[in-house]
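One structure is given below, encoded as structure tokens.
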Amino acid sequence: MSVNNNEIADIFSRYADLLEIEDANPFRVRAYRNAARFISDYPKSMAALLSTGENLDELPTIGKDLASRIRTIVETGTLPELESTRAKTPATLVELLQIEGLGPKRVRTLHCELGISNIDDLKRALRRGSIRALRGFGVKTEQRIREALAEIGGMQQRIPLIRAEAAAKPLLDYLAANPATQQVTIAGSYRRRRETVGDLDILVTAESEKNITGYLSAYEDIEEILALGQTRARLRLRSRIIVDLRVVPPSSYGAALNYFTGSRNHAIAMRKRAIARGLKLNEYGLFKGDRPIAGDTEKDLYGALSLPYIEPELRENTGELEAAEQHKLPHLVALKDIRGDLHCHTNASDGHDSVQELANAARKKGYEYLSINDHSQRVTVAHGLDKKTLLDQIRSIDKLNEKLDGITLLKSTEVDILEDGSLDLPDAVLRELDFTVCAIHSKFHLPEVKQTERILRAMDNRCFNILAHPHGRLINRRRPYLINLEVVMRGALERGCYLEVNAHPERLDLNGEGCRLARDLRLKVAISTDSHRIADLEYMRFGLDQARRGWLEKQDVLNTRPLEELRQLLARH
DNA sequence: GCCGTTTTCGGCCCGACTGTTTTCAGTCG
């Protein structure tokens, strides 16, 4: 079992935590953190690079030393320094850092003064009340630690984007209703359209900062105010979502929006770029000495750093600044480019509406085509269609198409990929369809190699066209099953198959990283909603978010193509 | 520990808020 990038990144960041507690050179700590972030974002596996003899120290943030540590981790699965339970700084101290309000300095103090090495020790010290007496601590800090410790059990999961939107809307309306407010925008990973967000970063501009945060603190849906200053506030809503509010003057809107949109790495890269030009960048603007030279809009800010505007979805410091410099930024696919939906269910299986009703709704959206993809027989819980029912549906769609004006219904299915890689309906029936969407709904726990082979074997069938929700994950509910995505994508390319970007907000599968890999391999994708009712057709925009995060352009997406071109692309030769 | 249009040493992103202090360290984003 090879070590994946996330595991390496995790070991590096835990080691960075430990170094920080040891009061090591902060820049050495940062080097580990930078490398951890780089590695977890990097699309190619470190283990694979090593096996092909690549020099890892040529990668950014990785030097000779870290390259050899990566090698150690890949070969042994661990880093000896992190495993050792040294008396000076036991590795278990790292677990104390997840307690809000405890950073490396305080953890170090707790360890040196009270001999606390883990969470159980900390609980005992709290019961004795011995923490408040430490220098730099006090009654309030002790109480905060007690509360934060209680929180840890029910650790907050990241919030799906759609839930964040629902919580944000009334809050934005509330903030906008304040006459002092000029602009209100949500920044952070929400604006970068990550599939989940950790909290809501809300930016407000106002001529006078006075009382914007005070106004917010009167919002009815607040559970607790965590911090309240003139220009910043942090609070928890009753929905458990944490909100960070920042107030800046309008002249700083662009700089603040840029900074608070992040990503952290993108913002840092921007600041370094400013420094290289003898300038200073902070959330109030871009400055030459004390003189502001840009900051009211993001476009001006990028321009002042000799860059074109970079879309928020690209701001992960994964090559967008270099691409911008060379004027090679992608022209990102947009919702208006979408001509149809290639995955939806009707009331014939587990959907809510009829074929006719869905067709009407899609036509109203201006779609040129819509495909009908009810489940196949194996998925009994979803009333999957058997051979006969599907053939009946095919005939009724043919009839409906003769009547329909302005939209074409495509005959399809979401056919199950069985454990041996065969498809759940006879080829003779599948050949009657315009194309197929194929999916795994069983045997999620196969080892990676087996699961990958299962998909490739299914793709060997010439009736296979699009792999639906390639990882099968449900956000916060079901882990992805294990596949080697790159192998699956290369297999699809060789056979003339495609992958789906499932736009359902619970799935978002492929996500941005998966889309980026597809782009690098020049594999086209379908962005599809997996609608089970008419309203779900609106989920298309969430799929677009992920496609844009993966740098996809219009021509990379199947369902931006006119119907005839789509048919040609789907036809396997 | 990394890195280079101030290159092989000497830098390394920056500001707000809180609590504990009495001018600031620690934490956070």
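Proteins get letters first, then strands, A, B, ... in listed order; numbering begins at 1 in each. Bear in mind that the values here come from a model prediction, so they are computed numbers and not experimental data.
A:R234 comes within 4.0 angstrom of the backbone, heavy atoms only, and of no base. As judged by a 4.0 angstrom heavy-atom cut-off over every strand, A:V247 is placed among residues making no nucleic acid contact. Within the nucleic acid shown, A:R232 comes within 4.0 Å of at least one base atom, counting heavy atoms only. As judged by a 4.0 angstrom heavy-atom cut-off over every strand, A:P26 is placed among residues making no nucleic acid contact. Using a 4.0 Å heavy-atom cutoff across all strands shown, A:G101 reaches sugar-phosphate atoms only and no base atom. Here A:R69 lies in heavy-atom contact (under 4.0 Å) with sugar-phosphate atoms only.
In terms of phosphate contacts, A:Y284 brings a side-chain nitrogen or oxygen within less than 4.0 Å of OP1 or OP2 of B:dA16. For A:K105 and B:dC24, the shortest distance from a side-chain N or O to OP1 or OP2 is not below 4.0 Å. The shortest distance between the side-chain N/O atoms of A:T61 and the OP1/OP2 oxygens of B:dG1 is not below 4.0 Å.
Note that CG of A:D121 and CG of A:L114 are 10.0 Å apart. Values are rounded to the nearest 0.5 Å. The CG atom of A:N258 sits 11.0 Å away from atom CD of A:E283, with the distance rounded to the nearest 0.5 Å.
In this entry the distance linking CG of A:L228 with P of B:dG19 reads 12 Å, nearest Å. Rounded to an integer number of Å, the gap from A:I39 CD1 to B:dC2 P is 11 Å. At whole-Å resolution of the value, CG in A:D244 and P in B:dT18 are 12 Å apart. We find that CD1 of A:I62 is positioned 13 Å from C1' of B:dC3, with the value rounded to whole Å. Rounded to a whole Å, the CZ atom of A:F260 is 9 Å from the P atom of B:dA16. A:R106 places its CZ atom 8 Å from the P atom of B:dC28, with the value rounded to the nearest Å. The distance from atom CG of A:L19 to atom C1' of B:dG1 is 10 Å, rounded to the nearest whole Å. Distance CG (A:L134) to C1' (B:dG26): 14 Å, rounded to an integer number of Å.
With both ends at atom C1', the span from B:dT18 to B:dT23 equals 15 Å, rounded to whole Å. Rounded to whole Å, the P atom of B:dC12 lies 25 Å from the corresponding atom of B:dC17. For B:dG10 and B:dA16, the P atoms lie 32 Å apart once the distance is rounded to whole Å. Remark: the separation of the P atoms in B:dT21 and B:dT27 is 14 Å, to the nearest Å. Using atom C1' as the reference point in both B:dC14 and B:dT20, the two lie 23 Å apart (nearest Å). Rounded to the nearest Å, the gap between the P atom of B:dT8 and that of B:dG4 is 13 Å. B:dG26 and B:dT22 have their P atoms separated by 14 Å, given to the nearest Å. Nucleotides B:dT5 and B:dG1 are separated by 23 Å at their C1' atoms, to the nearest Å.
In this structure, B:dT8 forms no base pair with any nucleotide, since neither Watson-Crick nor G-U wobble geometry is met with both distances under 3.5 Å.
Heavy-atom neighbours of A:E220 CD from other residues, nucleotides or ligands within 6.0 Å: at or below the threshold of 12.
Side chain A:Y259 to base B:dG29: a donor-acceptor pair is found below 3.5 Å. Contact of A:D201 with B:dG29 (side chain to base): no donor-acceptor pair of N or O atoms is detected under 3.5 Å.
Each of B:dA16, B:dT27, B:dC12 was ranked by its minimum atom distance to the side chain of A:F27; first place goes to B:dC12. Counting only heavy atoms from C-beta on, A:N25 has its side chain closest to B:dG1 among B:dG1, B:dG15, B:dG26. Closest contact between the side chain of A:A31 and the listed nucleotides B:dC12, B:dC14, B:dG1 involves B:dG1. Checking B:dG1, B:dG29, B:dG15 against every side-chain atom of A:Y32, the shortest atom distance belongs to B:dG1. Checking B:dC14, B:dT27, B:dC17 against the side-chain heavy atoms of A:N282 singles out B:dC14 as nearest.
Using modelled atom types, one finds no donor on one side chain facing an acceptor on the other under 3.5 Å when comparing A:Y190 with A:D199. A:D509 and A:H471 are linked by a side-chain donor-acceptor pair at a separation below 3.5 angstrom, with hydrogens and angles left out of the test.
Shown here, B:dT5 is classed anti by the O4'-C1'-N9-C4 or O4'-C1'-N1-C2 angle, which is more than 90° from 0.
Listed for the A:E147 side chain is no donor-acceptor partner under 3.5 Å among the backbone atoms of A:R144.
The aromatic rings of A:Y215 and A:Y174 lie parallel to each other, with less than 30° between the two planes, well short of the 60° mark.
Heavy-atom nearest nucleotides on DNA chain B were determined for A:G136 and for A:T231, and the one closer to the 5' end corresponds to A:T231. Two residues, A:L59 and A:V107, neighbour DNA chain B, and the one matched to the more 5' nucleotide by heavy-atom proximity is A:L59.
With salt bridges taken as basic N to acidic carboxylate O contacts below 4.0 Å, none links A:R240 and A:E224.
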